[in-house]
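Contents: one structure, followed by commentary.
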Amino acid sequence: MKILVLPGDGIGPEITAATVAVLEAADAAYGLGLELETRDIGLASLPTLGTTMPQEALDRVREVDATVLGPVSHYEYPPRAEGGINPSAALRATYQLHANVRPCRSVADLSVLRTPMDLIMVRENTEGFYSDRSMVAGTGEFMPDADTALSVRKITRRASTEAARAAFELAMTRRKRVTAVHKANVLKLSDGLFLESVRAVAADFPQVELRELIVDGASARLIRAPGDFDVIVTTNMFGDILSDEASELCGSLGLGGSINISREVCVAQAQHGSAPDIAGQGIANPVSLIRSAAMMLDWLGRRHDSEAYAAAAAAIEVAVDRVIADPTTRTPDLGGTLTTAQVTAAILAGLTTTTIPPTNEATDD
């Protein structure tokens with residue numbers, strides 16, 4: 001399997017190097033046959049190639065089996081006309097990665113919650129209030145005069161349906177409950193279409209219970225009653241905000257994995273940003289991107305019916321869980337003292353002592 005690695009900006013190269021080390025260890029332990037290749041994007045490619053998202057790297061995504069994308073500092077990029085393209089938005093729009101899948105599972109001594117959280121957030125990923133990816137030309141944001149700024153919200157049946165289908169398929173492997181989060185009491189047409197699309201998909205999954213909840217109530221209920229949720233599906237901006245809230249409630253934004261998927265393409269991406277204030281200090285938490293890579297391996301395992309990939313993904317998760325659970329093997333953002341390299345070494349050590357055999361492997365009775 002060919003894996004494209006795009007290190008990104010800020011702490012991106014540091015946590016990407018850690019993730020590559022874990023992927024290489026999993027490859028050696030489970031015989032995955034990974035072929036990793038790296039391309040520059042972001043501020044690394046801008047001086048030499050004149051763009052933060054080189055076309056060659058963008059095109060390569062469709063040729064490989066999956067992609068690992070490091071955090072990017074797109075807020076620091078020049079205007080689009082000067083080469084400042086948001087790689088994350090470009091990948092999602094080009095490959096129609098309609099579903100951003102973000103698991104949130106609380107860590108006992110890090111979570112502020114009174115009761116545990118174990119849910120998956122499925123965020124529609126390509127449109128909504130994010131005007132930089134909603135138009136084939138232009139940004140969807142404009143100023144008719146110096147004192148007025150307008151932004152277009154785009155909701156389509158296709159994108160809503162794809163996100164909903166991903167949510168219901170995930171719910172079938174869990175507690176069989178989907179909550180559609182919306183604001184249809186105000187956004188009657190756009191969120192009305194989103195809900196209509198979700199309900200249509202729900203009809204194909206009679207085993208799964210569908211609940212509908214206004215976003216205001218959802219944001220509060222995540223704190224008060226996190227156990228009410230199994231899989232949440234929602235629109236782009238609501239999902240962005242709610243998944244960050246959920247991750248922080250679980251312990252830290254630096255702990256949650258994330259993949260952006262279509263039926264054919266998977267891009268693993270940390271939930272957090274590029275943290276330029278700590279870049280180069282060697283203290284960045286690599287867990288989010290490592291977990292995202294594990295989710296990528298699991299996606300590849302399901303796509304190609306490979307038990308070895310599923311087992312490798314599970315082994316990485318177990319190794320990460322053990323490291324997070326121990327206060328002495330945490331980075332400073334979690335109250336620890338270890339460096340990025342030391343935490344990575346601890347995960348690698350756990351990975352070498354964690355053997356999860358493929359389920360189709362013969363065993364002695």
Side-chain angles (χ1 to χ4, degrees), residues 97-106 111-130 134 151 153-251 253 255-261 271:
L97 306 179
H98 293 302
N100 177 210
V101 181
R102 295 183 168 190
C104 301
R105 182 160 42 91
S106 52
S111 174
V112 298
L113 293 167
R114 291 177 293 180
T115 57
M117 177 184 290
D118 179 9
L119 62 83
I120 297 179
M121 193 87 61
V122 179
R123 161 195 173 195
E124 195 293 313
N125 210 25
T126 62
E127 51 185 35
F129 280 118
Y130 287 70
S134 290
S151 185
R153 186 192 198 214
K154 173 185 171 185
I155 299 291
T156 66
R157 191 180 305 277
R158 177 189 175 189
S160 299
T161 298
E162 288 297 319
R165 189 162 298 278
F168 277 87
E169 288 174 352
L170 284 166
M172 286 293 292
T173 69
R174 291 172 50 88
R175 301 191 298 276
K176 296 184 172 60
R177 188 166 67 245
V178 170
T179 303
V181 174
H182 64 93
K183 190 67 175 175
N185 57 321
V186 175
L187 303 168
K188 296 182 182 297
L189 292 180
S190 54
D191 265 8
L193 177 58
F194 168 73
L195 286 177
E196 182 182 320
S197 303
V198 174
R199 291 166 188 157
V201 172
D204 295 334
F205 295 86
Q207 311 95 317
V208 178
E209 176 189 2
L210 172 63
R211 300 175 177 180
E212 297 174 7
L213 186 60
I214 292 175
V215 64
D216 316 48
S219 62
R221 192 170 289 273
L222 281 171
I223 301 169
R224 182 164 53 87
D228 287 356
F229 298 102
D230 179 22
V231 178
I232 293 174
V233 62
T234 189
T235 53
N236 202 345
M237 182 173 286
F238 295 161
D240 194 3
I241 296 168
L242 290 177
S243 60
D244 282 4
E245 177 195 359
S247 291
E248 282 295 327
L249 290 171
C250 283
L253 193 59
L255 298 179
S258 171
I259 54 173
N260 308 282
I261 58 172
Q271 284 197 29

**OP:** Locate the shortest heavy-atom distance separating Gly128 from Asn236; write the atom from each residue and the value.
**Re:** CA-CB, 4.5 Å

**OP:** Report the distance from atom CG of Asp244 to atom CE of Met121, rounding to the nearest 0.5 Å.
**Re:** 9.0 Å

Original post:
Do the side chains of Arg221 and Phe229 get nearer than 4.5 Å, heavy atoms only?
Top reply: yes

**OP:** Can you see which heavy atom on Cys250 is nearest to which on Cys104, and at what distance?
**Re:** SG-C, 3.7 Å

Subject >> Side chain proximity check, Asp118 to Arg175, heavy atoms < 4.5 angstrom >> reply: yes

Subject >> Close side-chain approach of Arg174 and Ile120, heavy atoms under 4.5 Å >> reply: yes

**OP:** Before accepting this row, confirm whether a basic side-chain N of the pair Arg123/Asp240 lies closer than 4.0 Å to the acidic partner's carboxylate O.
**Re:** yes

Subject >> Distance-minimising heavy-atom pair for Thr235 and Phe238 >> reply: OG1-CD1, 3.3 Å

**OP:** Please examine the side chains of Leu249 and Ser106, heavy atoms only from C-beta on, and report whether any two atoms are closer than 4.5 Å.
**Re:** no

Subject >> Nearest-0.5 Å distance, OG of residue Ser190 to CZ of residue Phe129 >> reply: 6.5 Å

Original post:
Does Thr173 reach the main-chain N or O of Leu170 with its side chain, forming a donor-acceptor pair under 3.5 Å?
Top reply: yes

Original post:
Minimum heavy-atom separation for Thr234 to Val181, with atom names?
Top reply: OG1-O, 2.8 Å

Subject >> Spatial distance of atom CD (Glu162) from atom OG1 (Thr156) [nearest 0.5 Å] >> reply: 9.5 Å

Original post:
What's the spacing between His182 NE2 and Phe194 CZ if we round to 0.5 Å?
Top reply: 8.5 Å

Original post:
Distance from Ile259 atom CD1 to Arg102 atom CZ, nearest 0.5 Å?
Top reply: 12.0 Å

**OP:** Tell me, please, which residues at least two apart from Lys154 pass salt bridge (Lys or Arg N to Asp or Glu O under 4.0 Å).
**Re:** none

Subject >> Test item: Glu248 side-chain N/O and Leu253 main-chain N/O as donor-acceptor pair under 3.5 Å >> reply: yes

Subject >> Student check: side-chain heavy atoms of Leu97 and Asn125 closer than 4.5 Å >> reply: yes

**OP:** Hey, could you give me the OG/CD1 distance between Ser160 and Ile155, rounded to the nearest 0.5 Å?
**Re:** 5.5 Å

**OP:** Could you tell me whether a side-chain N or O of Thr179 sits under 3.5 Å from a main-chain N or O of Ile232, the two making a donor and an acceptor?
**Re:** no

**OP:** Go through the steps to decide whether Gln271 and Ser247 satisfy the test side chain to side chain donor-acceptor pair (under 3.5 Å), and finish with yes or no.
**Re:** CA-CA 9 Å; Gln271 284 197 29; Ser247 291; 2.7 Å; yes

Original post:
Can you tell me if Thr126 uses its side chain to pair, donor with acceptor, with the backbone of His98 under 3.5 Å?
Top reply: no

Subject >> Any residue meeting side-chain contact (heavy atoms from CB on, under 4.5 Å) with Ala166, in chain and number order, not counting sequence neighbours >> reply: Ala99, Val122

Original post:
Is Arg177 positioned over the aromatic face of Phe168, cation under 6.0 angstrom from the ring centre and no more than 45 degrees off axis?
Top reply: no

Original post:
Is the shortest heavy-atom distance from the side chain of Val201 to the side chain of Arg199 under 4.5 Å?
Top reply: no

Subject >> Short N-O contact, Glu127 and Arg153, less than 4.0 angstrom >> reply: no

**OP:** Please indicate whether Arg158 has more than 12 foreign heavy atoms, meaning atoms of other residues, nucleotides or ligands, lying under 6.0 Å from its CZ.
**Re:** no

Subject >> Close side-chain approach of Leu119 to Asp230, heavy-atom, < 4.5 Å >> reply: no

Subject >> Heavy-atom pair with the smallest gap, counting every atom of Val208 and Ala171 >> reply: CG1-CB, 4.0 Å

Original post:
Which atoms form the tightest heavy-atom contact between Pro116 and Pro226, and what is the distance?
Top reply: O-CG, 3.7 Å

**OP:** Quick one: do Glu245 and Ser243 satisfy side chain to side chain donor-acceptor pair (under 3.5 Å)? Show the steps, please.
**Re:** CA-CA 5 Å; Glu245 177 195 359; Ser243 60; over 6 Å; no

**OP:** May I ask you to test the Val198-Thr161 pair for a side-chain heavy-atom distance under 4.5 Å?
**Re:** no

Original post:
Does a side-chain N-to-carboxylate-O contact under 4.0 Å join Asp191 and Lys183?
Top reply: no

**OP:** Output, in order, the C-alpha distance, side-chain angles, deciding distance and verdict of side chain to side chain contact (heavy atoms under 4.5 Å, CB included) for Met117 and Leu222.
**Re:** CA-CA 8 Å; Met117 177 184 290; Leu222 281 171; 4.0 Å; yes

Original post:
Salt bridge or not for Asp204 and Arg165, using N-O below 4.0 Å?
Top reply: yes

